[in-house]
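What follows is a set of notes on a single structure, which appears directly below.
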Amino acid sequence: MLIIRNGTLIDPEGQRTFRGDIWIKDGQIARIVEREEKEAGLSEGGQEAEAEVPDGTEIIDATGLLAGPGLIDTHVHFRDPGFTYKEDILSGGQAAKKGGYTGIVLMANTKPCVDNEETLSYVLARGKETGIRISSCVTVTKGMQGKELVDMESLKEAAGFTDDGKPLLSEELVEEAMRRAHALGKPISFHEENPAFIKNNGINEGKVAEALGIKGSPRDAEIDLIRRDTALALKTGAKVVIQHISTKEGVELVRKAKAAGADIHAEATPHHFTLTEEAVLEKGTLAKMNPPLREEEDRKAICRGLSDGTIDLIATDHAPHSRDEKKKPLTEAPSGILGLETALPLAIRELVRKGYLTYPQLFERMSLAPAKLYQLPGGRLQEGEVADLVLFKDTENFRVERFLSKSQNSPFIGETLPGVVKMTICGGSIVYREEA
């Protein structure tokens with residue numbers, strides 16, 4: 001048995017925080033005791049609970065710590081199989097645990113890509129070695145070629161479907177994919193950048209691109225496909241996820257689609273609610289990603305969208321690349337940055353401390369909503385639920401230096417951020433503990 005004592009508990013489903021204890025037994029939350037009631041002798045589990053602590057129980061003093069459901073990231077690249085020099089499932093799992101994550105949904109753009117049962121089985125088997133819950137999407141189309149749908153019915157063990165990294169351009173194919181995903185009850189997610197609009201990807205077409213003498217990726221590339229896919233979501237009834245939204249217009253399109261009754265969801269990344277295109281001038285390729293960082297009004301619109309629930313998921317788009325790859329010229333280097341080990345601190349700084357979200361709302365976006373959408377264990381701090389938890393101290397700062405990820409491609413290196421993860425628990429087992 002494990003007891004977490006005297007923490008500030010975050011309940012995203014009940015939308016409240018309170019001081020209390022969590023009793024963990026056989027991988028589940030066996031009991032939650034609110035400390036105020038216990039100390040007043042009013043709780044059924046008060047003094048009696050103290051006497052019932054079995055021998056050998058580990059008791060964790062969580063005084064000064066916050067404890068919430070383990071984080072769940074619905075958009076992660078672990079590069080395994082095929083690109084394991086950047087990251088593999090085990091190294092990615094280590095990074096996830098340090099970041100407070102107990103659940104990960106992998107993207108399918110590996111080599112070979114996850115478009116068949118054999119590759120999916122490999123990924124899921126490797127995931128079981130990490131100590132956390134690893135699931136994976138499969139591609140929408142065979143070989144991510146955008147031409148022929150995979151056999152979705154035979155791949156229903158997957159968490160969902162996506163050709164992330166390659167926009168799907170055939171409206172007819174997208175509509176059919178949505179219908180088939182809907183019949184299976186699985187979410188289908190889309191990378192929304194129409195390449196017909198883009199001259200140089202990874203950099204916003206705006207004042208920074210102009211100063212650098214390149215063309216960039218215009219906002220219309222995203223707006224065009226979000227407009228199409230929100231309309232198709234309404235038409236088909238499918239659970240559609242707009243990935244890593246970056247424009248204020250995209251946020252508004254999602255808002256309107258939800259109001260019209262579409263089963264539409266949207267992800268925001270920590271880098272898109274934190275940084276703007278100016279970061280490229282300082283950080284170079286470390287601030288290059290698809291879709292690109294945009295303008296301050298876009299960043300603020302994403303924060304507002306998270307606040308009012310238009311954007312219901314915070315996902316990192318964790319995208320490791322080697323140092324040599326990121327040293328290439330701006331127009332040649334690959335897009336993408338790390339995210340798992342800095343997501344919670346950035347959310348604390350940019351969303352909680354600036355008043356956009358309370359902690360229960362933050363954990364709804366980072367844990368409960370992902371669990372519900374992808375039908376995963378976790379996300380809830382309630383008796384009888386799986387004991388997947390993160391304990392962290394938001395009054396303690398740390399300097400971003402090195403990551404547990406194999407790669408180190410982050411624009412946040414050198415920054416001091418709030419929120420140190422002290423412990424990550426998955427299925428009742430401590431899978432990460434901060435070194436003393």
Side-chain angles (χ1 to χ4, degrees), residues 27 70-97 101-166 168 176-178 180-191 238-239 241 243 315-320 340 370-379 386 388 405-406 426-427 429 431:
L71 306 179
I72 299 172
D73 194 340
T74 60
H75 193 137
V76 175
H77 301 271
F78 277 173
R79 311 302 193 194
D80 188 356
F83 306 100
T84 54
Y85 67 93
K86 305 185 191 208
E87 191 84 284
D88 59 49
I89 291 171
L90 295 182
S91 67
Q94 291 297 107
K97 288 181 277 191
Y101 285 90
T102 56
I104 295 293
V105 178
L106 295 175
M107 296 295 99
N109 60 336
T110 50
K111 187 177 182 180
C113 62
V114 189
D115 65 355
N116 60 82
E117 293 178 71
E118 182 181 359
T119 308
L120 177 60
S121 295
Y122 163 79
V123 169
L124 296 180
R126 290 287 282 171
K128 289 178 180 178
E129 300 175 34
T130 64
I132 58 175
R133 306 180 195 276
I134 304 289
S135 53
S136 179
C137 288
V138 296
T139 62
V140 177
T141 64
K142 293 181 179 180
M144 293 183 66
Q145 295 301 304
K147 296 177 181 178
E148 183 181 358
L149 295 179
V150 299
D151 183 357
M152 289 182 168
E153 290 72 21
S154 72
L155 293 165
K156 58 186 178 183
E157 188 181 1
F161 302 96
T162 182
D163 271 16
D164 175 55
K166 285 195 174 182
L168 289 168
E176 178 60 21
M178 285 188 187
R180 288 171 61 178
H182 179 50
L184 293 169
K186 298 285 186 176
I188 182 168
S189 54
F190 295 96
H191 180 107
K239 291 180 182 178
V241 182
Q243 297 176 326
T316 65
D317 195 10
H318 179 83
L340 289 167
K372 285 182 175 180
L373 177 61
Y374 282 88
Q375 302 174 56
L376 303 173
V386 294
D388 292 2
S405 169
K406 282 187 177 181
C426 188
S429 296
V431 294

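None of the values given here were measured: they were computed from a predicted structure.
- Between P81 and T119, the shortest heavy-atom contact is CG-CG2, 4.1 Å.
- S135 contributes atom OG, which lies 11.0 Å from atom CD of Q375 (distance to the nearest 0.5 angstrom).
- A donor-acceptor contact closer than 3.5 angstrom is absent between the side chains of H318 and D73.
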Run the side-chain contact (heavy atoms from CB on, under 4.5 Å) check on L184 and E153 step by step: do they pass? CA-CA 7 Å; L184 293 169; E153 290 72 21; 4.3 Å; yes
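- Between the side chains of E87 and S91, a donor-acceptor pair is found at a separation under 3.5 Å.
- A side-chain donor-acceptor contact under 3.5 Å links K186 to the backbone of K156.
- The OH atom of Y101 sits 15.0 Å away from the OG1 atom of T130 when rounded to the nearest 0.5 Å.
- In this structure, H75 NE2 and T316 OG1 are separated by 8.0 Å, a value rounded to the nearest 0.5 Å.
- When every heavy atom of T74 is checked against every heavy atom of A315, the shortest pair comes out as OG1-CB, 3.7 Å.
- A donor-acceptor pair under 3.5 Å links the side-chain atoms of D163 to the main chain of T141, judged by distance alone.
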For H77 and N109, what are the C-alpha separation, side-chain angles and deciding distance, and is it a side-chain contact (heavy atoms from CB on, under 4.5 Å)? CA-CA 8 Å; H77 301 271; N109 60 336; 3.0 Å; yes
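- Applying side chain to side chain contact (heavy atoms under 4.5 Å, CB included) to R133 and the options V386, I104, T102 leaves one that passes, V386.
- Put simply, the side chain of F83 reaches to within 4.5 Å of the side chain of K111, judged on heavy atoms.
- K97 contributes no side-chain N or O that, together with a main-chain N or O of I132, makes up a donor-acceptor pair within less than 3.5 Å.
- Closest of all the heavy-atom pairs between D164 and Q243 is OD1-OE1, 2.9 Å.
- The minimum heavy-atom distance linking L124 with S136 is given by the pair CD2-N, 4.0 Å.
- The NE2 atom of H191 sits 12.0 Å away from the CE atom of M107 when rounded to the nearest 0.5 Å.
- Taking each heavy atom of G143 and C113 in turn, the nearest pair found is CA-SG, 3.7 Å.
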Steps toward side-chain contact (heavy atoms from CB on, under 4.5 Å) verdict (I72, L376): CA-CA 9 Å; I72 299 172; L376 303 173; 3.9 Å; yes
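- In terms of heavy atoms, T162 sits closest to S189 at OG1-O, 3.0 Å.
- Here the CD1-NZ distance, from I89 to K128, works out to 12.5 Å after rounding to the nearest 0.5 Å.
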Stepwise side-chain contact (heavy atoms from CB on, under 4.5 Å) check, F161 with V138: CA-CA 5 Å; F161 302 96; V138 296; 3.3 Å; yes
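- Within 6.0 Å of CD on E118 lie no more than 12 heavy atoms contributed by other residues, nucleotides or ligands.
- Two residues are said to be in side-chain contact when any heavy atoms from C-beta on lie closer than 4.5 Å; Y374 and C137 meet this criterion.
- Contact check for S405 versus L340: no side-chain heavy atoms found under the 4.5 Å cut-off.
- Using a 4.5 Å cut-off on side-chain heavy atoms (C-beta onward), D80 and Y122 make contact.
- Surrounding CD of E157 are at most 12 heavy atoms belonging to other residues, nucleotides or ligands under 6.0 Å away.
- Remark: L149 CG to E176 CD distance equals 6.5 Å, nearest 0.5 Å.
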